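Report on the structure given below.
This one's a predicted model, so the numbers in the text were calculated from it and none came from an experiment. Only heavy atoms go into these numbers, but all of them, side chains included; no hydrogens, no water, no symmetry mates.
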Amino acid sequence: MPHQTFAPIAIRTLVASLTAALLLSVTALSPSQAHDRKDETPRVAVVSAFAPEMAILRQELTDASEHSLNGVIFATGTLEGRQVVLFLSGISIVNAAMTVQLALDHFRVERIVFSGIAGGVDPGLNIGDVVIADRWGQYLEMLFAREVDEGWVTVPIFEYPYANFGMMFPRSVTVVRSDAGEPETRFWFQTDEEMLAGARQAAAHVKLSHCTAEDSCLDEIPRIVVGGSGISGSAFIDNTAFRAWAFETFGARVLDMESAAVAHVAYANDVPFIAIRSLADLAGGGDGANQMEVFLNLAAFNATEVVKALLREMPGKS
C-alpha cells in the first residue's frame, strides 16, 4: 500500500527548531548535577537483562561489595582479572537506559558489556547461538500512520529510513552528546571496534552448551556469530510475519528489548559498548510454541561464558 506525506514546511521547521533547542538545554546540565560520582576506580560495566545471568557472574566475582542506588544493586569487584561493576538493567528500553545512565553517573565506567537472552531473527541462526552484533537500532521508534484511500499518510518532520510494516513506519532518533555542536539524527549505534576484535578472539576459545540441566537438548550445536545488525524495542516478538519483516528490512540477526537503548546511552556518553545476546527463542520463527522458557537458562549460561571470555581478551587494563 503506497503512502503519502503532508505537512507545511513551516511547521516542520518550527518543530525541528524547538526540539533542537530543548535537547541543547538538557545537555547544558553536567552529569554531576544529577549524581555525584562516588567510585573513581576504572571499571567495566557488565550488565545483564535477566537475573539468571547475573547470578552466574556474581558467584565468580571476587573482592565483592554492594552499592544500592535508587533501589538498584550494583556489585563491584574483580571478574576475570578486570575491575567491574555488575548490575541488572531491568527488562525493556526505559529500564535499561535508566540503570546504565545511573551507573555512568556513579562509577568510572570505561567500557560497557551488555549480555542477555534474545530472539533470533536471521533464519540461519538457531536457539542457543550467541550473536555479537556490530550495530544496534531501535526498530520501535515509529510513526503509526494514518490510513487513507491511497495508502498511508506519514508526518514529514521525521525521517523514515526503512520500509514500513503496515501502518508502522520506523524512524530515526535524535541524540545529543557533549562533543557535538548540535543534535544529530541517526538510526544505528555502532559497537566498539576494539571490543568486537576481542569478541572474535574470545569466540575461538568458548565451548557453548547445547543441553539443559533437564536434558532438553538442541538439534544443532550452538555457535558464536560476530557481526551484523541487532534491533531492540519494547515488545516481546513471537510473530512469524514481523520476524520476516525485521530480517528483510534491517538485515537483523537478533531482536531484544534493551541493547539498542544501552548503545544509545553509551554513544551519548562516549563510552565503548558491546552487546552479547544468546538466543532463547526464534521470535516466532520456530515450529510450535515459543521455547524461551525451555532454553532460558541454557542461553543465559552461554551468554555468561562469552562475557567471561571477552573480559579475558579485552584490550587494556579495564
Side-chain angles (χ1 to χ4, degrees), residues 1 47-53 88-97 114-145 152 160-173 187-189 191 218-220 222 225 227-264 275-300 302-303:
M1 181 179 285
V47 193
S48 298
F50 273 108
E53 305 158 73
L88 287 171
S89 67
I91 298 172
S92 204
I93 293 291
V94 174
N95 280 328
F114 194 92
S115 73
I117 64 171
V121 177
D122 186 335
L125 299 179
N126 300 298
I127 292 175
D129 289 345
V130 175
V131 177
I132 306 173
D134 54 26
R135 63 178 188 171
W136 287 88
Q138 300 175 57
Y139 73 96
L140 278 183
E141 290 286 342
M142 286 185 168
L143 167 80
F144 281 22
W152 306 104
Y160 305 101
Y162 291 101
N164 58 304
F165 183 77
M167 69 175 183
M168 304 164 67
F169 285 75
R171 62 184 185 86
S172 301
V173 297
F187 187 87
W188 296 107
F189 294 90
T191 300
L218 299 168
D219 295 332
E220 304 286 341
V225 178
S229 301
I231 54 175
S232 305
S234 293
F236 186 96
I237 303 301
D238 192 31
N239 181 274
T240 302
F242 195 90
R243 177 184 190 256
W245 170 79
F247 177 68
E248 293 167 4
T249 302
F250 305 109
R253 284 182 153 174
V254 62
L255 180 153
D256 68 25
M257 300 175 71
E258 299 88 17
S259 294
V262 179
H264 186 148
I276 296 165
R277 304 303 300 215
S278 184
L279 306 189
D281 69 279
L282 297 179
D287 297 328
N290 187 286
Q291 293 184 288
M292 187 191 77
E293 290 187 81
V294 177
F295 292 107
L296 185 153
N297 287 327
L298 181 148
N302 283 347

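- A260 and W136 make their closest contact through CA-CB, 3.8 Å (heavy atoms, listed as atom of the first residue, atom of the second, distance).
- Without hydrogens or angle criteria, E258 side chain to I93 main chain gives no donor-acceptor distance under 3.5 Å.
- Within the structure, salt bridge (charged side-chain N to carboxylate O under 4.0 Å, His left out) pairs that include any residue of residues 114-125 comprise D122-R253 (at least two apart or interchain).
- Without hydrogens or angle criteria, S278 side chain to A299 main chain gives a donor-acceptor distance under 3.5 Å.
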Dump the intermediate steps for side chain to side chain contact (heavy atoms under 4.5 Å, CB included) on M168 and F242, then the final yes or no. CA-CA 11 Å; M168 304 164 67; F242 195 90; 4.0 Å; yes

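- Residues S115 and E53 have side chains that bring a donor and an acceptor to within less than 3.5 angstrom of each other.
- Once rounded to the nearest 0.5 Å, the distance linking CD1 of I132 with CD1 of I276 reads 5.0 Å.
- Pairing each heavy atom of I91 with each of A49, the nearest pair is CG1-O, 4.0 Å.
- Under the side-chain contact (heavy atoms from CB on, under 4.5 Å) criterion, N126 pairs with D129, E220, sequence neighbours left out.
- Between R171 and Y160, some side-chain heavy-atom pair lies under the 4.5 Å cut-off.
- Considering only heavy atoms from C-beta on, V262 stays 4.5 Å or farther from S89 through its side chain.
- Once rounded to the nearest 0.5 Å, the distance linking CG of D281 with CG of D238 reads 6.5 Å.
- Listed by chain and residue number, V254, D256, R277, L279 satisfy the side-chain contact (heavy atoms from CB on, under 4.5 Å) test with A118 (two or more places apart in sequence, or in another chain).
- When only modelled atom types and interatomic distance are considered, S259 and S232 share no side-chain donor-acceptor pair under 3.5 Å.
- With sequence neighbours excluded, no residue forms a ring-ring contact (aromatic ring centres under 6.0 Å, His included) with F144.
- Taking each heavy atom of M257 and A235 in turn, the nearest pair found is CG-O, 3.7 Å.
- The side-chain contact (heavy atoms from CB on, under 4.5 Å) test applied to L88 returns S48, A51, M54, not counting sequence neighbours.
- Nearest heavy atom pair, residue F169 against residue A145, reads CE1-CB, 3.5 Å.
- Closest approach of I231 and A246 over heavy atoms only: CD1-CB, 3.8 Å.
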Chi angles and distances behind the side chain to side chain contact (heavy atoms under 4.5 Å, CB included) call for Q138, F189: CA-CA 9 Å; Q138 300 175 57; F189 294 90; 4.1 Å; yes

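- Considering every non-hydrogen atom in both P222 and G128, the closest pair reads CB-O, 3.2 Å.
- Considering CD1 of I117 and CZ of F50, their distance stands at 4.0 Å, rounded to 0.5 Å.
- Once rounded to the nearest 0.5 Å, the distance linking CG of L125 with CZ of F247 reads 8.5 Å.
- Atoms CG and CG, on L282 and L255 in that order, are 11.5 Å from each other to the nearest 0.5 Å.
- Checked against a 6.0 Å centroid threshold, the rings of Y139 and F165 do not count as neighbours.
- Y162 is linked by a side-chain contact (heavy atoms from CB on, under 4.5 Å) to R135, P170, F187, W188, T249, F250, counting only residues two or more places apart in sequence or in another chain.
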